[in-house]
Structures are given as structure tokens and as C-alpha cells.
Participant: 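First the structure, then my questions, so here it is.
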Protein chains: 2
Amino acid sequence: MSTPPSPSRRPTAADRIRQSARDLFYRQGIRAVGVEEIVQNAGVTKPSLYRAFHSKDGLATVFLTDYQHCFWDRIALVRAAHPEDPHAQILAYFDGLAERSAAPDYRGCALTNAILDYPDRTHPVRQEAARLKHEVRDWLVERAHQMGATDPERLADGLILLMEGAYVVGQAFPPPGPAARVGDCARLLIEAQCGPR
Amino acid sequence: MSTPPSPSRRPTAADRIRQSARDLFYRQGIRAVGVEEIVQNAGVTKPSLYRAFHSKDGLATVFLTDYQHCFWDRIALVRAAHPEDPHAQILAYFDGLAERSAAPDYRGCALTNAILDYPDRTHPVRQEAARLKHEVRDWLVERAHQMGATDPERLADGLILLMEGAYVVGQAFPPPGPAARVGDCARLLIEAQCGPR
DNA sequence: CACGTTAGGTACCGATCGGTAACATCGTCA
DNA sequence: TGACGATGTTACCGATCGGTACCTAACGTG
């Protein structure tokens, strides 16, 4: 983030825009937010946005990668909490997801929302979101392999269905809805494919 | 649908608009489609739309109920194919879902998409979508009960997570993606909570 | 001091958005 | 024939969309 030399100084316009976009894009969806609202919320002006980013789509792409950093930070936390124990790592993530999905203004995963927001499969914003989703699947396949699943890809796919289901169901049903049980379901699915611990 | 007296006559403007909205809203999302595009695609004019529907939101609400009729029609099919056998009914629906999600232009469930399209929980279109989703859950709870699940609501919630996961994952991953396994996962979940048949 | 970088301010562009007013046209039925 | 309801035609409204041109103010560095 362009590493300000003095930490007490006002952040750059680009950083303020990124922060503003992160808030607004996540809460309201990318297409629903206008650039005018972004710059107003950031306390800067429109030319500053277009000096730092090529276009709204460019800013949206940056937003998605920024957002996904938060996901990997979460994964880093469960890894640190349960080193060398992929089983516990996965379950810790799913239990945390069940908790988060009960927040009254839960908005799920920004990548998933972006994919539904852009039906055109060739749109650059959508392609970036899909690329980042594939990375998540790769990570899950790896963990499923370490957990001794008979078919790691099959287990990973089942976990993805539960994750994505929780992302959207957390928005569709008032808490505590079906998303509150995503941890339970993940346990059942893992046990069925790896056997009891 | 206002039942035209002569089946060979040109359908009413309202019906043409409903059909056009069904196509466009489903393929591109409600907010992404303009009323101008709807009426052009229907071969009618804008005043005809506003004579038959209060507003775009009103048309969108009608679209959602129309769309959900297709869902219940599907359910009626699997019920007819497996009468008195809720287990087989559920699995037939999930296997069909796995197949449909592999279509190259799959766009998931219009209700789910509408909920993500309208982050404001008080928006009438979103409330209608949420209401229809609750009906689906009620139906699943009933089936889970008939299947002898130890906790019918828990099984229904798990199946909802898988369903909704398949709806969105079918769009996020090129086929055959994780959504292709939603039938397998449903089998595991049901077996774990009802025992083998 | 002179300079280039980074920023803000203002005003604007063409396009599209949802929605409406006023009037013309058609087919149907009494 | 005459009246009526449904539809088409045209033009328009104010608001918002993403994006840009032009100029000015503050700043650190040589």
C-alpha cells in the first residue's frame, strides 16, 4: 500500500479510495456503488480516483485482491492455532464462518457476490474473482489430501459447496439460519470421507 | 396469465413482458437489465409495461413468483417419479441440479441472485425472494421428517447449504466443477443423519 | 529558489436510468 | 355505426452513470 514514510501523516488519496471502496463494494456490491459515492466517502475527488486506477473495473479488481488477503489472513490464523493439523484448521474455519454469518448485516464473500454481479464470464472483474476462487479450491484439495481423504478433490468440492452455501444463505435467512450449521455439516462430510479421528 | 380466449392470437402485452423479463432477469440479473431492454425484447413499448405493472420492482416481484413456479414444477416431477419416497425425491432433485449446473451458461437460482442483487433487507424484491426461500426450507424440513431424520431441521439446513452452494458454484467454476458432486454430498449427508436405507 | 509530483476544485461530457404525458390507432362487441 | 379498452408512437422528465479537461495549491527535493 505504498508504505507512507511517516505513519502519522494523512494517507494518500489512493489508499483512502481503496479503503472506501472496500467498505462500499462489500456492503452494497460493486455495480450498485457509483464512483461519486466512493470518492465522497473517501474524502477525495473523482480525478484522484482515475489518476490512481485505470477505471472503476480496475478499482474493483484491486478491491477483490485486497479482500482475498483478508481470507488468507483468516486461514493463517487457523493454521497458527492448529499447526500440522489440517483437520482442525478446516473445522476452525467453518466454525468461525458459522459465527460470522450470524451477524445482522452479513454480506457473505465479496468474490462470490462479484461473480453473481457480473454474469458475463469474460468480464475482467469476474475473471479475477473466479481466479481467486480457484486458489481457495487448490488449498482445500491440499488439506483434504493431508487429511487422508480417499478422494481429496471430492472432499474439497463438498467443503466448497458448504462454504459457498453458507456465504449466500447467511444473507437469505435471518440468523440463526442454515448457515449456523455449516460447521456441523463439514464435520459429517469429513468423517464420511476420512473416517472418525 | 389472463387466459387468452383464442389460443392462436398474439399474447397480450403483459404476457410478452413477463416472458421477456423472465429471460433477461434470469440471464443478466434484475438490476442489470433496463426496462427499455425488456420492452424491446418483448416487442412492446414502455407505456405498456407501466400500464400492466406498477414499476420495475413490481415486475421483478412478479418475475420471482413466476420463476419459483418452475421450481415447484420440478419438485412435482420428482414427486411423481418417486411417490411416497421422500428419500428418492430429494436425491432426484439434487442429481438433476448437478446436471443442470454443468450447462455452459448456468445462472443458478433467480431468488438467490435477487437476494445478492439487493443488499437492502427491506427492499420489497428482496423480501419476496426471502419469503419464497423460506417455503423451500419448510418443504425440506417436512421431507426430512418423513425420512426419519433424528433432527429434521438440521438435515434440511444441510441440504439447503448444498443446494445454495451448487447454485453459486455452478457459476463460479467451469463445468464440471464442485457443483457436479452435489448429489454425492447430499447422499452422504442424508446417510449420516438417517442411516443407510 | 525552481522544479516536478501529488493532490484538490470545478465544470463538463454523452449515455443511460426509471418513469410519464399526450395523442393516435386498432380490433372487438354491442 | 359507435363506443371502448388495449396498444403503439413520440417526446420528454430529472437523476445518475462512468469518465475527463483544465487549472490551481501544497509539498519535498535538487
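Chain letters run A, B, ... following the sequence lines, proteins first and then strands; every chain starts at 1.
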Participant: How close or far is atom C1' of dA6(D) from atom CZ of R16(B), stated in whole angstroms?
Facilitator: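 Computing the R16(B):CZ to dA6(D):C1' distance gives 14 Å.
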
Participant: L49(A) has an atom CG; how far is it from atom C1' of dA7(C), in whole Å?
Facilitator: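 These atoms are roughly 13 Å apart.
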
Participant: Starting from C1' on dC22(D), measure out to CZ on R51(A) and report it in whole angstrom.
Facilitator: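 Rounding to the nearest Å, CZ of R51(A) and C1' of dC22(D) are 11 Å apart.
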
Participant: In chain order, what residues pass the side-chain hydrogen bond (donor to acceptor under 3.5 Å, both in side chains) check against Q19(A), with sequence neighbours excluded?
Facilitator: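 Counting only residues at least two positions away or on another chain, Q19(A) forms a side-chain hydrogen bond (donor to acceptor under 3.5 Å, both in side chains) with R22(A), D23(A).
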
Participant: Which side-chain N or O atoms in residues 72-79 of chain B pair as donor and acceptor under 3.5 Å with protein atoms at least two apart or in another chain?
Facilitator:
none

Participant: Once salt bridge (Lys or Arg N to Asp or Glu O under 4.0 Å) is applied, what residue pairs with a partner in residues 92-112 of chain B remain, sequence neighbours excluded?
Facilitator: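 Checked against salt bridge (Lys or Arg N to Asp or Glu O under 4.0 Å) - neighbours excluded - the pairs reaching residues 92-112 of chain B are D95(B)-R187(B).
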
Participant: When you compare the protein's N or O atoms with those of nucleotides 11-18 of chain D, which come within less than 3.5 Å of each other, and at what distance?
Facilitator:
| unit_1 | atom_1 | unit_2 | atom_2 | d |
| --- | --- | --- | --- | --- |
| dG18(D) | OP1 | V33(A) | O | 3.4 |
| dG18(D) | OP1 | K56(A) | NZ | 2.7 |
| dG18(D) | OP2 | V35(A) | N | 2.9 |

Participant: Just to verify, what does H123(B) make a ring pair (Phe, Tyr, Trp, His ring centres under 6.0 Å) with, not counting sequence neighbours?
Facilitator: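 Partners of H123(B) by the ring pair (Phe, Tyr, Trp, His ring centres under 6.0 Å) criterion, ordered by chain and then number, come out as Y118(B).
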
Participant: At 4.0 Å (heavy atoms only), tell me whether T45(B) reaches a base, stays on the sugar-phosphate, or touches nothing.
Facilitator: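 The answer is base, as T45(B) lies within the cut-off (heavy atoms under 4.0 Å) of a base atom.
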
Participant: Roughly how many Å is it from CG in L59(B) to C1' in dG19(C), rounded to a whole number?
Facilitator: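 The answer, rounded to whole Å, is 14 Å.
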
Participant: Show every donor-acceptor pair shorter than 3.5 Å between a side-chain atom in residues 144-155 of chain A and any protein atom, with sequence neighbours excluded, or say none if there are none.
Facilitator:
| unit_1 | atom_1 | unit_2 | atom_2 | d |
| --- | --- | --- | --- | --- |
| D151(A) | OD1 | E153(A) | N | 3.3 |
| D151(A) | OD1 | R154(A) | N | 3.3 |
| E153(A) | OE1 | R137(A) | NH2 | 3.4 |

Participant: Roughly how bent is the helix from dC1(C)-dG30(D) to dA30(C)-dT1(D) end to end, in steps of 10 degrees, with each end axis from five pairs?
Facilitator: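 The two end axes of the helix from dC1(C)-dG30(D) to dA30(C)-dT1(D) meet at 0°.
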
Participant: What is the distance from CD of Q40(A) to P of dG8(C), rounded to the nearest Å?
Facilitator: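 So the CD-P distance, Q40(A) to dG8(C), works out to 14 Å.
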
Participant: Taking the six-membered ring for Trp and the single ring otherwise, decide whether the centroids of F71(A) and Y93(A) are under 6.0 Å apart.
Facilitator: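 Centroid distance F71(A)-Y93(A): below 6.0 Å, so yes.
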
Participant: Among pairs that include at least one residue of residues 42-54 of chain B, which meet salt bridge (Lys or Arg N to Asp or Glu O under 4.0 Å), considering only residues two or more places apart or in two chains?
Facilitator: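 Sorted result for residues 42-54 of chain B: E36(B)-K46(B).
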
Participant: Not counting sequence neighbours, list each pair that qualifies as a salt bridge (Lys or Arg N to Asp or Glu O under 4.0 Å) and has a residue in residues 162-171 of chain B.
Facilitator: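 Residue pairs passing salt bridge (Lys or Arg N to Asp or Glu O under 4.0 Å), neighbours aside: K133(B)-E164(B).
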
Participant: In whole angstrom, what separates I17(A)'s CD1 from dT6(C)'s C1'?
Facilitator: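 From I17(A) CD1 to dT6(C) C1': 12 Å.
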
